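Heads up, the thing below is written out as structure tokens.
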Amino acid sequence: MAARPAARVNVRRLAALLWIALPCAVMAQGPDIALRGFQDGIHHWQSGHGTDYPRYRPDQYRQIADNLLVLQRGGGGWAVNQDPQRILDDTARTQALADQVTPGGSFDNRNIYTQVSYLAEAFARSGDARYRDAAVRGLDFILAEQIPTCGGWPHSVPSRTAYHGHITFADDVTSGVLTTLRRVLREPVFGFISAEQRARVDAAVTAGDACLLRLQVRQDGVPTIWAGQYDRTTLQPAQGRKFELPALVTDESVGVVRYLMSIPDPSPAMVTAINAAMAWFQAHAVTGWRLETFETTPAQFQFHRTTVDRRLVADAGAPLLWGRFHDLHDSSVLLANREGERVARFEEIPRERRTGYHWYGTWPQALITTDYPRWQQRTAGTGAR
């Protein structure tokens, strides 16, 4: 008989403990935190180091977030082209900790803002204040590096090449940062951001949006799309790497348009920019040619190994293609070799660059067939168009 009250007390105590633990258990549930923003950097890491190394599973978000803490530099940024799922051995961890004193960071390959988003999600699930604090430091770094002459962001800080300091659209630098900053303003997962920092984010978004509209390239006064990078002083389209001549850039312009379409209450100027870019995409598709990848003799180059080659094949029924680059003045497809010399035909690009770079693609197709019609439907009757 004496044992029964004790048993009831234990049950009550167990129930109380479960009730306390329940919110944390619920908070940790749900799908894995998305890792797709890291895929470009992971691809580059594996290109240089191979794929035969231990990695955390996507559901091991605490271990991945802990990696991001170790890899974050003291100033709040991150080095480019890391794999956050890599299980760091003692040597790698020691090196990462030593690298924390290195200044700056890189926005290339969708870097820094992706880490901030991941850490915010990790904090929401775990309540671990280290993730919150690291996200705040990363956000401070983003805000500090906005280029004051226009409101875009650079490739990398500090600049180690002629193009690192340019206002950069390539690899979704500026549009990717702005997309994340708008998430900070509207999504509950960023509810930990202080009022002071939130005000700075709001000002950065305003300046960044104005920068996008200002830098849309015009031909004879008609808005087209955007260049890959711009000189931060003259605001003129500028060269990236040697083979990335000043040009209209199709891939990342799709990212800019998607960003502008995501804005719930676009200004008339934004609507004009979207419509003009869509008109350009539709007017400058390459028709009658198919990009073919075929197996051939393996070759090892300095930056990649390939077993294939690529060629353009005449095909009247081929899907629409666009060049990665188009001429700033007449919108013709712009091709170049690694030495920075413009060439007239795709086959004039050596195999190393034909297979190591995407000179043609279908990037705007989903915009034309799906996203733009949906956006037009969403904004119809709202006064935005």
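Quick caveat, the model's predicted, so the values are computed rather than measured.
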Test your reading of the model: is there a side-chain donor-acceptor pair from [X] to the backbone of [Y], 3.5 Å cut-off?
X: T307; Y: P298; answer: no
X: R198; Y: V184; answer: yes
X: T306; Y: T355; answer: no
X: Q239; Y: K242; answer: yes
X: W289; Y: D315; answer: no
X: Q85; Y: R57; answer: no
X: Q100; Y: R73; answer: no
X: T114; Y: F38; answer: no
X: W322; Y: P364; answer: no
X: T102; Y: D99; answer: yes

### Query
When you look at V256 and F169, which way does the side chain to side chain contact (heavy atoms under 4.5 Å, CB included) test go after all the steps?
CA-CA 8 Å; V256 174; F169 285 43; 3.7 Å; yes
[X] atom [atom1], neighbour heavy-atom count above 12 within 6.0 Å:
X: R186; atom1: CZ; result: yes
X: D90; atom1: CG; result: no
X: H304; atom1: NE2; result: yes

For this output row, return yes or no: ring centroids of [X] and [Y] closer than 6.0 angstrom.
X: Y118; Y: Y61; answer: no
X: H155; Y: Y163; answer: yes
X: F281; Y: Y372; answer: no
X: Y357; Y: F243; answer: yes

### Query
Hey, what's the ring geometry for F192 with F190, parallel, tilted or perpendicular (30° and 60° as the breaks)?
tilted
### Task
Can you label the angle between the Y53 ring and the W45 ring as parallel, tilted or perpendicular, going by 30° and 60°?
perpendicular
Between [X] and [Y], does any side-chain N to carboxylate O distance fall below 4.0 Å?
X: R338; Y: E352; value: yes
X: E347; Y: R353; value: no
X: D309; Y: R354; value: yes
X: D209; Y: R182; value: yes
X: R200; Y: D140; value: yes

Could you tell me if [Y] and [X] have a donor-acceptor pair between their side chains, going purely by distance under 3.5 Å?
X: S106; Y: D108; result: no
X: Y56; Y: N67; result: no
X: W280; Y: S331; result: yes
X: R310; Y: Y360; result: no
X: R218; Y: T224; result: no
X: S175; Y: E252; result: no
X: N337; Y: E348; result: no

### Task
Could you please spell out the steps behind the side chain to side chain contact (heavy atoms under 4.5 Å, CB included) verdict for I112 and F141?
CA-CA 9 Å; I112 297 179; F141 180 85; 3.4 Å; yes
### Task
Measure the spacing between CG of L335 and CZ of R324 and express it to the nearest 0.5 Å.
12.5 Å
### Task
State the CG-CG distance between D171 and N109, to the nearest 0.5 angstrom.
4.5 Å
### Task
Begin from the C-alpha positions of F107 and I142 and carry the test side chain to side chain contact (heavy atoms under 4.5 Å, CB included) through to its verdict.
CA-CA 9 Å; F107 295 96; I142 290 172; 3.8 Å; yes
#### Entry: Chi angles and distances behind the side chain to side chain contact (heavy atoms under 4.5 Å, CB included) call for I147, H166
CA-CA 9 Å; I147 296 171; H166 292 328; over 6 Å; no
### Message
Could you check whether any side-chain heavy atom of V136 comes within less than 4.5 Å of a side-chain heavy atom of Q197, counting everything from C-beta outward?
### Response
yes
### Message
Before you tell me yes or no, could you show the steps for Y131 and D66 under side-chain hydrogen bond (donor to acceptor under 3.5 Å, both in side chains), namely the whole-Å CA-CA distance, both residues' side-chain angles and the distance that decides it to 0.1 Å?
### Response
CA-CA 8 Å; Y131 305 153; D66 286 345; 2.8 Å; yes
